[in-house]
Trainee: 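Pasting a structure below so you can have a look.
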There are 2 protein chains.
Amino acid sequence: MGVNERKEREREEMRELILQAARKVFLTRGYEKTSIRTIADAIEYSPATIYLYYKDKNELLFSLHEEAFRKMMQELSVVVNITDPFARLVEMGHQYIHYALSNPEFYDLMFIMEAPMETLACRDEIWEDGMKSFGLLMRVIEECVAAGYFKANTDVENTALTIWSYMHGLVTIYLKKRMNMFEDGREMERIQQSFMLFIKMIKDSL
Amino acid sequence: MGVNERKEREREEMRELILQAARKVFLTRGYEKTSIRTIADAIEYSPATIYLYYKDKNELLFSLHEEAFRKMMQELSVVVNITDPFARLVEMGHQYIHYALSNPEFYDLMFIMEAPMETLACRDEIWEDGMKSFGLLMRVIEECVAAGYFKANTDVENTALTIWSYMHGLVTIYLKKRMNMFEDGREMERIQQSFMLFIKMIKDSL
DNA sequence: CAAACATACTAAACAGTGTTTATAAAACAA
DNA sequence: TTGTTTTATAAACACTGTTTAGTATGTTTG
């Protein structure tokens, strides 16, 4: 009797329906305007129904969090056909900037928002996505060491954290509108210039 | 007839009273728990009264924003007696990390939150505080150039943005709990190690 | 001094939020 | 068909930022 299997399938479909609606509202109207009620309206269900499929709003946001990491990994993967590891590292940087600036709401969810962390700090697989992309960075650094671009005694993990810190700082200063400080419209130019300087720094020093 | 002057003074006192209450609630209970009503309760006035002295919650937050910058500038100023410019730059980095980690709510307000930006994007003096501290960084970099630590053709503004980006990225990754990813308790150690690596990078390359 | 005006303040309401509860309806099992 | 479980929701709860209408107090003027 496959009735339980069907119910499980239907439940999963409903979860997906809610998630799709959440993503749509989230990416079009932004985080601030994404309420349980707007999501419920989008799928023509009562707000209370959502709570039958997701524990709370944070759990819903966390599902988007996973999706955001999947998408970033996918976009970062265009660099696989670059054989030279240092050129690949540089292109990964470009792709990272491009992803952050093209998906500000996702980026927020992935690296800035506190909400998805709190509730899910207990879970085991929370850091899986983050660690996978951090591993991507570590691997290309390892290859840079192997290829002689970086010194043999390079602390790969520390180097990865340092590079990530810089990239993250750069894009968040822009995304959170703190580059408006300069009051000319040259934010994009500044990002590119700074990135070039940083690339030069790691080339010279690591 | 000094009645108008007295009223003006009383008005300023009331603004200060509200601001003090706001700061107290903000720094003890955190941003999330800081509502107009909790602030009103703290000073034993009606919530509506606050709107007679501040246009909205954002304007109130912006006043704290100014205070946060004042405090950071003050804490960064302990480095003035360090004569060697590079040593001063390094110590400024330490102080920056210390301020961010000791005042996470303030740091959020200064560099992450969108709220104070939106409403006040029109104002002229919004960027004054930010520019003043950025200027502090630029000046010490200039001195590093003059002292021969950095190359003569250094683009000071670009270098400052690059260093700030790194510092900001490092502390926000920590503050927003993304370093929990590593799942050992060595976050602090990682921050120090990464900072040392970055110092080495600018020493070698700039 | 008393009337007229201006200011300071607040209770109550509005429109929104996340979330819970009681209840009704539908689907399933015996 | 009856009994039980699942699914959905209306309504409420306790919040949020903000506005409005009305009162009470302080100041100025006739």
Side-chain angles (χ1 to χ4, degrees), chain A residues 1-19 21-22 25-26 29-65 105 109 113-120, chain B residues 1-19 21-22 25-26 29-65 105 109 113-120:
Chain A
M1 206 172 291
V3 60
N4 275 344
E5 284 81 349
R6 195 207 62 207
K7 287 224 169 171
E8 184 54 41
R9 204 175 56 237
E10 281 176 349
R11 188 179 164 77
E12 211 48 56
E13 279 169 17
M14 189 62 169
R15 277 180 68 94
E16 192 52 43
L17 184 71
I18 294 169
L19 194 63
V25 176
F26 189 81
R29 294 224 256 277
Y31 169 71
E32 295 275 272
K33 297 274 168 192
T34 305
S35 74
I36 297 289
R37 282 173 178 79
T38 58
I39 297 168
D41 279 357
I43 54 172
E44 294 177 301
Y45 274 81
S46 144
T49 302
I50 292 176
Y51 287 87
L52 298 176
Y53 295 90
Y54 288 93
K55 186 182 146 284
D56 55 20
K57 201 188 174 184
N58 281 346
E59 192 171 301
L60 198 44
L61 284 185
F62 182 66
S63 294
L64 288 178
H65 173 274
E105 303 282 356
L109 213 50
M113 278 183 54
E114 323 225 6
M117 298 300 104
E118 288 160 18
T119 322
L120 302 146
Chain B
M1 207 171 293
V3 58
N4 274 343
E5 284 81 347
R6 194 207 61 209
K7 289 228 169 164
E8 182 54 40
R9 202 175 57 236
E10 281 177 349
R11 186 179 165 76
E12 210 48 55
E13 278 169 18
M14 189 61 168
R15 277 180 67 95
E16 192 51 41
L17 184 71
I18 294 169
L19 194 63
V25 176
F26 189 81
R29 293 225 256 276
Y31 169 71
E32 295 275 273
K33 297 272 169 194
T34 305
S35 74
I36 296 289
R37 281 173 178 81
T38 57
I39 297 168
D41 279 358
I43 54 173
E44 294 177 300
Y45 275 82
S46 144
T49 302
I50 291 176
Y51 286 89
L52 299 174
Y53 296 90
Y54 290 92
K55 185 181 145 287
D56 55 20
K57 201 187 175 186
N58 281 346
E59 190 170 302
L60 198 45
L61 284 185
F62 181 68
S63 294
L64 289 179
H65 172 273
E105 303 284 355
L109 214 48
M113 278 183 53
E114 323 225 5
M117 299 298 104
E118 288 161 18
T119 320
L120 303 146

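Chain identifiers are assigned alphabetically (A, B, ...) following the order of the sequence lines, protein sequences preceding nucleic acid strands; residue numbering begins at 1 within each chain.
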Trainee: Looking at CZ of A:Arg15 and CZ of A:Arg11, how far apart are the two atoms once the value is rounded to the nearest 0.5 Å?
Mentor: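 Between atom CZ of A:Arg15 and atom CZ of A:Arg11 there are 6.5 Å.
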Trainee: Does the side chain of B:Thr38 reach to within under 4.5 Å of the side chain of B:Lys33, using non-hydrogen atoms?
Mentor: no
Trainee: So do A:Leu52 and A:Met14 actually touch side chain to side chain, heavy atoms under 4.5 Å?
Mentor: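 Side-chain contact under 4.5 Å: no.
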Trainee: Under 3.5 Å between N/O atoms: give me all the protein pairs with nucleotides 13-17 of chain D, atom names plus distance.
Mentor:
from   : atom 1 : to      : atom 2 : distance (Å)
D:dT16 : OP1    : B:Ser35 : OG     : 2.9
D:dG17 : OP1    : B:Ile36 : N      : 3.2
D:dG17 : OP1    : B:Lys57 : NZ     : 3.0
D:dG17 : OP2    : B:Ile36 : N      : 2.9
D:dG17 : N7     : B:Arg37 : NH1    : 2.7
D:dG17 : O6     : B:Arg37 : NH2    : 3.0

Trainee: What's the spacing between A:Ser63 OG and A:Leu109 CG if we round to 0.5 Å?
Mentor: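 With rounding to 0.5 Å, OG (A:Ser63) is 10.0 Å from CG (A:Leu109).
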Trainee: At 4.0 Å (heavy atoms only), tell me whether B:Tyr53 reaches a base, stays on the sugar-phosphate, or touches nothing.
Mentor: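 Result for B:Tyr53 = sugar-phosphate.
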Trainee: Between CD1 of A:Ile39 and CG of A:Leu60, what distance do you get to the nearest 0.5 Å?
Mentor: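 Nearest 0.5 Å value for the CD1-CG distance: 5.0 Å.
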Trainee: In the structure I gave you, are the side-chain heavy atoms of B:Phe26 and B:Leu61 within less than 4.5 Å of one another anywhere?
Mentor: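 They are in contact (side-chain heavy atoms under 4.5 Å apart), so the answer is yes.
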Trainee: B:Glu44 CD to C:dA8 C1': how many Å, rounded?
Mentor: 17 Å
Trainee: To the nearest Å, give me how far apart CD1 (A:Ile39) and P (C:dT17) are.
Mentor: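 After rounding, the reported distance stands at 11 Å.
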Trainee: By a strict heavy-atom criterion of less than 4.0 Å, which residues belonging to residues 10-18 of chain B are in contact with DNA chain D?
Mentor: none
Trainee: CD/A:Glu13 to CG/A:Leu17 distance, rounded to the nearest 0.5 angstrom?
Mentor: 9.0 Å
Trainee: Rounded to whole Å, please give me the gap between CG in A:Leu52 and P in C:dG18.
Mentor: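 It is 16 Å, rounded to the nearest whole Å.
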Trainee: For B:Thr49 and C:dC9, is the shortest distance between a side-chain N/O and OP1 or OP2 below 4.0 Å?
Mentor: no
Trainee: Between atom CD1 in B:Ile50 and atom C1' in C:dA8, what is the gap in whole Å?
Mentor: 14 Å
Trainee: Could you state the OH-P distance from B:Tyr45 to D:dT25, rounded to the nearest angstrom?
Mentor: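 In whole Å, D:dT25 P lies 14 Å from B:Tyr45 OH.
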Trainee: If you measure from CG on B:Leu19 to CD on B:Glu12, what distance do you get to the nearest 0.5 Å?
Mentor: 10.0 Å
Trainee: So, taking the atom named CD in B:Glu105 and the one named CZ in B:Arg29, what distance separates them when rounded to the nearest 0.5 Å?
Mentor: 13.0 Å
Trainee: Rounded to whole Å, please give me the gap between OH in B:Tyr54 and C1' in D:dT18.
Mentor: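 Distance, rounded to whole Å: 17 Å.
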